[in-house]
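Everything below concerns the one structure shown next.
The first residue in the sequence is number 1, and the count goes up from there. Small disclaimer: the values here were computed from a predicted structure and weren't measured.
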Amino acid sequence: MSSVLGEERHVTRNGENAPALRLAGVERRYRTEAGELPVLVGAELELEAGEIVALVAPSGTGKSTLLHLAGLLERPDAGEVYVAGRAAGTLSDDGRTAIRRTTIGFVYQFHHLLPEFTAEENVVLPQMAAGASRNQARERARTLLAGFGLTGREHHRPGRLSGGEQQRVAIARALANAPRILLADEPTGNLDVATSDLVFAELLAAVRGQGVAALIATHNPALAARMDRVVTLREGKVVPG
């Protein structure tokens, strides 16, 4: 499957036949003292449900910008981002926030867990923000944490968890609302090699098990090789890696 868009796909009104994520002609420029700096220039990418794609590119080429645009954290200067066939460009900030909350999960290099809450509470909170009851959220949190080998650690705060355990909680939190899309920026980059391999294997298993479309930025070619395909950024465009 090519990372570059070919012919326009038919999109049903409910988005069932649409890719989980589509970037169409996306451009992003930043203003600097020396003038405009083009970072993405007509970038195109599709992710299908259940597909795991590695994004491998040197620092400073726009990986984080691409992830921010895909995750509706930034708006492109041109082009469009489609989530399950729905164009996000015309949505209000509240509408974009609603999509992020229910449809997109994020995992970062550093876990960003809330230190005053337990592991379970960190996974419960985003579900309740999306409208789940406390009991429903707690049950799903325990199921997810158990899947990551954290049974018995649910009531520990992040400061009492190892680095690998903290990142497992962060991944469980990202999957808590059963997102259609997972975006990860160096999700195991802050872990030692052995822990990174284990946590990454658990991440892949969880994502495949839930049929999530995932775009995972990594500098590790061995991890990238375990995904379905690899793309990179070259001169502001997404190309096969």
Inset, instruction - Flag this pair as yes if the NZ/CZ of R22 is under 6.0 angstrom from the six-membered ring centre of Y82 and inside a 45 degree cone about the axis; otherwise no. - result: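 The answer is yes; both the distance and angle limits are met.
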Tell me whether [Y] is reachable from [X] by hopping between hydrophobic residues (I, L, V, M, F, W, Y) whose side-chain heavy atoms are closer than 4.5 Å.
{"X": "V41", "Y": "V239", "result": "no"}
{"X": "F148", "Y": "V207", "result": "yes"}
{"X": "L67", "Y": "V83", "result": "yes"}
{"X": "L47", "Y": "L223", "result": "no"}
{"X": "L175", "Y": "I99", "result": "no"}

Inset, instruction - Take T118 and H156 through the test side-chain contact (heavy atoms from CB on, under 4.5 Å) and record every step on the way to the result. - result: CA-CA 5 Å; T118 66; H156 287 59; over 6 Å; no
Which atom of [X] lies closest to which atom of [Y], heavy atoms considered:
{"X": "V39", "Y": "G62", "answer": "CG1-CA, 3.6 Å"}
{"X": "D185", "Y": "A217", "answer": "OD1-CB, 3.8 Å"}
{"X": "V212", "Y": "I181", "answer": "CG1-C, 3.7 Å"}
{"X": "L233", "Y": "T61", "answer": "CD1-O, 3.6 Å"}
{"X": "A20", "Y": "A49", "answer": "CB-N, 4.2 Å"}
{"X": "T218", "Y": "V56", "answer": "O-CG2, 3.5 Å"}

Spell out, as yes or no, whether a donor-acceptor pair under 3.5 Å connects the side chain of [X] to the backbone of [Y].
{"X": "K237", "Y": "E44", "value": "no"}
{"X": "R168", "Y": "L145", "value": "no"}
{"X": "Q127", "Y": "A137", "value": "yes"}
{"X": "R140", "Y": "A176", "value": "yes"}
{"X": "D77", "Y": "R29", "value": "yes"}
{"X": "Q166", "Y": "P158", "value": "yes"}
{"X": "N177", "Y": "P179", "value": "no"}
{"X": "T102", "Y": "A98", "value": "yes"}
{"X": "S162", "Y": "E165", "value": "yes"}
{"X": "E46", "Y": "L21", "value": "no"}

If you round to the nearest 0.5 Å, how far is [atom2] of [Y] from [atom1] of [X]?
{"X": "L73", "Y": "T65", "atom1": "CG", "atom2": "OG1", "answer": "11.0 Å"}
{"X": "R138", "Y": "E154", "atom1": "CZ", "atom2": "CD", "answer": "11.5 Å"}
{"X": "E120", "Y": "L125", "atom1": "CD", "atom2": "CG", "answer": "10.5 Å"}
{"X": "L66", "Y": "L23", "atom1": "CG", "atom2": "CG", "answer": "5.5 Å"}
{"X": "E48", "Y": "D228", "atom1": "CD", "atom2": "CG", "answer": "11.5 Å"}
{"X": "L40", "Y": "K63", "atom1": "CG", "atom2": "NZ", "answer": "12.0 Å"}

Side chains of [X] and [Y]: does their closest heavy-atom pair fall under 4.5 Å?
{"X": "Q210", "Y": "L144", "value": "yes"}
{"X": "R173", "Y": "P126", "value": "yes"}
{"X": "V53", "Y": "I216", "value": "no"}
{"X": "E36", "Y": "T32", "value": "no"}
{"X": "N220", "Y": "E186", "value": "no"}
{"X": "L204", "Y": "R226", "value": "yes"}
{"X": "P19", "Y": "E51", "value": "no"}
{"X": "L72", "Y": "I104", "value": "yes"}

[X] [atom1]: over 12 foreign heavy atoms closer than 6.0 Å:
{"X": "E116", "atom1": "CD", "answer": "yes"}
{"X": "R208", "atom1": "CZ", "answer": "yes"}
{"X": "R160", "atom1": "CZ", "answer": "no"}
{"X": "E139", "atom1": "CD", "answer": "no"}

Inset, instruction - Step by step, work out the side-chain contact (heavy atoms from CB on, under 4.5 Å) result for Q167 and V169. - result: CA-CA 5 Å; Q167 198 64 331; V169 176; over 6 Å; no
Inset, instruction - Would you please test L183 and V107 for side-chain contact (heavy atoms from CB on, under 4.5 Å) and show each step? - result: CA-CA 6 Å; L183 303 172; V107 184; over 6 Å; no
Inset, instruction - Scan for ring-ring contact (aromatic ring centres under 6.0 Å, His included) pairs involving residues 111-137, sequence neighbours excluded, and state none if there are none. - result: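 Found Y108-H112.
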Inset, instruction - Could you tell me whether R75 and D93 make a salt bridge, using a distance below 4.0 angstrom between a side-chain N and a carboxylate O? - result: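 The answer is yes: the pair qualifies as a salt bridge.
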Legend entry - Pair D94-T97, side-chain donor/acceptor within less than 3.5 Å: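 There is no such pair (donor and acceptor under 3.5 Å, judged by atom type) between the side chains of D94 and T97.
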Inset, instruction - Applying ring pair (Phe, Tyr, Trp, His ring centres under 6.0 Å), name anything that partners F106, two or more places apart in sequence or on another chain. - result: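 Residues passing ring pair (Phe, Tyr, Trp, His ring centres under 6.0 Å) with F106: none at all.
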Inset, instruction - Start with the C-alpha distance between V238 and V26, add both sets of side-chain angles, then the distance that settles side-chain contact (heavy atoms from CB on, under 4.5 Å), and finish with yes or no. - result: CA-CA 10 Å; V238 179; V26 167; over 6 Å; no
